[in-house]
Amino acid sequence: MDMLNQLNAAVAYVEAHLCDEPDLDAVAHIACVTKDSFLRFFSYITGMTLKEYIRRRKLTLAAYDLQNSNRKVLDVAVKYGWNNADAFTKAFAHQHGITPTQARSAGHPLKVYSPVSFHIAIKGAQKMDFRLIECKETIVFGISQPFDGQGYQTREELRHLMWSEECEDVPGKLCAGRWNQPQNHSYDGIWYGIWQDGRYTIARAKDNVKNGTLETHQIPAGTYAAFQTERGAVAWEEFPRLFHLIFDSWLPSAPYQLASDTIIEIYHLWTDHELRKKNRFYEVWIPVKQKD
């Protein structure tokens with residue numbers, strides 16, 4: 001464990017000196033290895049060079065600064081090591097896909113990287129598609145089950161039971177027809193999985209549910225941090241991965257804290273199996289506010 005402590009101490013030094021370029025000799029000394037050994041090890045474990053990691057972390061922190069302060073773009077650029085706004089804008093757009101000015105507005109996606117830490121498993125240093133959104137109060141209709149104190153070992157267990165056609169088949173209770181039914185499009189579109197007040201709810205907008213006795217659920221208005229997956233993956237793999245990255249890697253290092261215990265899962269799905277398999281993707285929204 002001494003080796004892990006030394007590596008984490010070295011990374012902590014890097015994080016503390018991002019703005020003034022870490023001394024690689026000092027990093028290697030803290031890690032108790034040669035400079036070349038540390039650079040090779042870091043690249044092998046994280047899949048990127050230390051230089052690239054530092055660049056990505058700087059641009060992550062720069063994006064947070066732009067969102068949470070009124071600093072000029074040039075001032076932010078200089079703080080993180082760019083001598084002119086044009087070079088900073090080019091680097092920023094390469095990572096985030098938008099300009100620094102656009103990053104000031106909520107709703108634009110950002111590619112953020114949490115600090116790496118070495119454990120038995122490696123956390124952090126992974127790309128996350130992140131954006132801040134301002135959500136209006138939204139009313140949805142669905143079916144819920146209690147989670148807290150009901151004996152479920154994990155969120156995945158309850159989620160599977162409610163979504164599965166072989167178990168509770170909540171989607172079949174909300175929409176007409178069934179999955180993969182020819183000429184049926186009632187399952188197309190957005191679905192919500194809502195964790196709140198000890199319950200998990202599967203819900204949709206009013207126009208997307210069939211008539212019946214359904215619970216009315218309110219998604220509170222506010223600022224949400226939204227994270228999105230790539231297309232084509234499956235929910236049972238993606239949601240545990242996203243939850244892990246958000247709560248174990250991103251949230252502890254981000255300039256935000258949870259505003260409530262609500263977690264919103266967004267499912268973009270299609271009735272047709274081939275369309276669903278190819279195009280489905282998922283989001284997780286968590287309500288946030290700036291850290292005190």
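For R159 and E265, the salt-bridge test passes: some basic side-chain N is under 4.0 Å from an acidic carboxylate O. Taking the charged nitrogens against the carboxylate oxygens, R241 and E238 do have a contact shorter than 4.0 Å, which makes a salt bridge.
Two residues are said to be in side-chain contact when any heavy atoms from C-beta on lie closer than 4.5 Å; L110 and Q67 meet this criterion. In this structure, I266 and Q228 have side chains that are not in contact, with every pair of non-hydrogen atoms separated by 4.5 Å or more. When side chains are defined from C-beta on, R55 counts as touching L59, because their heavy atoms get closer than 4.5 Å. Within the 4.5 Å cutoff, the side chain of E15 has no heavy atoms near those of the S253 side chain. Contact annotation: the side chain of D65 never approaches that of L61 to less than 4.5 Å [non-hydrogen atoms, C-beta and beyond]. Side-chain contact between V33 and R40: absent, with no pair of heavy atoms (C-beta onward) separated by less than 4.5 Å. For the pair K58/W82, a side-chain contact is recorded, criterion being any heavy-atom separation below 4.5 Å from C-beta on. Two residues are said to be in side-chain contact when any heavy atoms from C-beta on lie closer than 4.5 Å; P22 and I54 meet this criterion.
Cluster annotation: V78 and L18 are assigned to distinct hydrophobic clusters (Ile/Leu/Val/Met/Phe/Trp/Tyr, side-chain heavy-atom contacts under 4.5 Å, transitive). Residue F239 is grouped with residue L269 when hydrophobic side chains (ILVMFWY) are merged at heavy-atom distances under 4.5 angstrom, including chains of intermediate members. Note on W236: it does not cluster hydrophobically with I264, by side-chain heavy-atom contacts below 4.5 Å among ILVMFWY residues. No chain of hydrophobic side-chain contacts below 4.5 Å, direct or via other Ile, Leu, Val, Met, Phe, Trp or Tyr residues, connects I202 to V140. A continuous path of ILVMFWY side-chain contacts below 4.5 Å connects L132 to L242, so both sit in one hydrophobic cluster.
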* I would like to know whether F38 and I30 meet side-chain contact (heavy atoms from CB on, under 4.5 Å); could you show each step before the answer? => CA-CA 10 Å; F38 181 84; I30 294 169; over 6 Å; no
* Could you go through the side-chain contact (heavy atoms from CB on, under 4.5 Å) check for R276 and W179 one step at a time? => CA-CA 10 Å; R276 188 165 71 253; W179 295 109; 3.4 Å; yes
* To do: Applying side-chain contact (heavy atoms from CB on, under 4.5 Å), run through I263 and V284 and close with a yes or a no.
  => CA-CA 7 Å; I263 302 175; V284 172; 3.9 Å; yes
* To do: Give the C-alpha distance, both sets of side-chain angles, the deciding distance and a yes or no for side-chain contact (heavy atoms from CB on, under 4.5 Å) between Q257 and V288.
  => CA-CA 5 Å; Q257 63 188 43; V288 294; over 6 Å; no
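At a cut-off of 3.5 Å, with distance as the only test, a side-chain donor of S186 or N184 sits close to an acceptor on the other residue.
With rounding to the nearest 0.5 angstrom, the NE2 atom of H108 is 10.0 Å from the OG1 atom of T101. Distance check, rounded to the nearest 0.5 Å: CG of L174 to CD1 of I143 gives 5.0 Å. Taken to the nearest 0.5 Å, the OG atom of S260 stands 9.5 Å off from the NZ atom of K289.
Side-chain atoms of K210 come within 3.5 Å of backbone atoms of G172 as a donor-acceptor pair (strictly under, hydrogens ignored). A donor-acceptor pair is defined here as one N or O able to donate and one able to accept, closer than 3.5 Å; such a pair exists between the side chain of Y53 and the backbone of V116. Under the 3.5 Å distance criterion, the side-chain polar atoms of T271 are matched with a main-chain donor or acceptor of D188. Judged purely by atom type and a 3.5 angstrom limit, R280 has no side-chain atom pairing as donor or acceptor with the backbone of W270.
Between F92 and F88, the ring-plane angle classifies as tilted under the 30° and 60° cut-offs. The aromatic rings of F130 and Y256 lie tilted to each other, with the angle between the two planes from 30° to 60°.
Judged by the 6.0 Å distance and 45° axis criteria, R155 is positioned over the aromatic ring of F147.
In summary, of the residues considered (Y267, F227, W191), a ring-ring contact (aromatic ring centres under 6.0 Å, His included) with Y282 occurs for Y267 alone. Under the side-chain hydrogen bond (donor to acceptor under 3.5 Å, both in side chains) test applied with Q196, the options T201, D261, T262 reduce to a single match, T262.
For the pair A31 and L7, the tightest heavy-atom approach, listed with the atom from each and the gap, is CB-CD2, 4.4 Å. Pairing each heavy atom of R131 with each of P109, the nearest pair is CB-CA, 3.4 Å.
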